[in-house]
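Values below: every heavy atom of this structure, side chains too, minus hydrogens, waters and symmetry copies.
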Amino acid sequence: MPTIEIESKIADAFRGGEIRRRELRLTGEEAAYIRAHFAAVVLPMKPEEGKSWYEITFRGAEN
C-alpha cells in the first residue's frame with residue numbers, strides 16, 4: 001500500500017475539517033495504517049473479502 005495513496009484518501013474524505021466521522025471502504029492494511037498514524041478511532045462495520053467498511057472518527061468528534 002503506497003502511503004501517499006492512503007494519505008490522499010483520508011485528505012479527500014475529511015477535507016475542510018468540518019467532517020470528523022465517515023464510513024470508508026478500506027483494506028485491513030489501510031485501516032491499520034490509519035490507526036497507527038492518525039488521531040482517529042477506526043471500527044470495522046461489515047467484514048467482507050478484500051475491502052471492508054470502517055467507521056473512522058477523529059478525536060474530538062465522539063460526542
Closest non-hydrogen atom pair, Phe58 against Ile10
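Reported closest heavy-atom pair: CZ-CG2, 4.1 Å.
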
Side chain to side chain contact (heavy atoms under 4.5 Å, CB included) assessment of Leu43 paired with Thr57:
CA-CA 9 Å; Leu43 300 173; Thr57 306; over 6 Å; no

Measure the spacing between CG of Leu24 and CD1 of Ile34 and express it to the nearest 0.5 Å.
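These two atoms lie 6.5 Å from each other.
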
Going from CD on Glu30 to NZ on Lys51, what distance comes out if it is rounded to the nearest 0.5 angstrom?
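So the gap between those two atoms works out to 5.0 Å.
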
Closer than 3.5 angstrom, by distance alone: can the side chain of Arg22 be matched with the main-chain N or O of Phe14 as a donor-acceptor pair?
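No; zero donor-acceptor contacts below 3.5 Å.
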
With side chains defined as the heavy atoms from C-beta onward, is the minimum distance between Leu26 and Lys9 less than 4.5 Å?
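With C-beta onward as the side chain, the pair touches.
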
Less than 4.5 Å apart, any side-chain heavy atom of Phe38 and any of Ile6?
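Phe38 vs Ile6: side chains apart.
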
State plainly whether the residues Asp12 and Arg15 are in salt-bridge range, i.e. N to O under 4.0 Å.
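Arg15 and Asp12: salt-bridged.
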
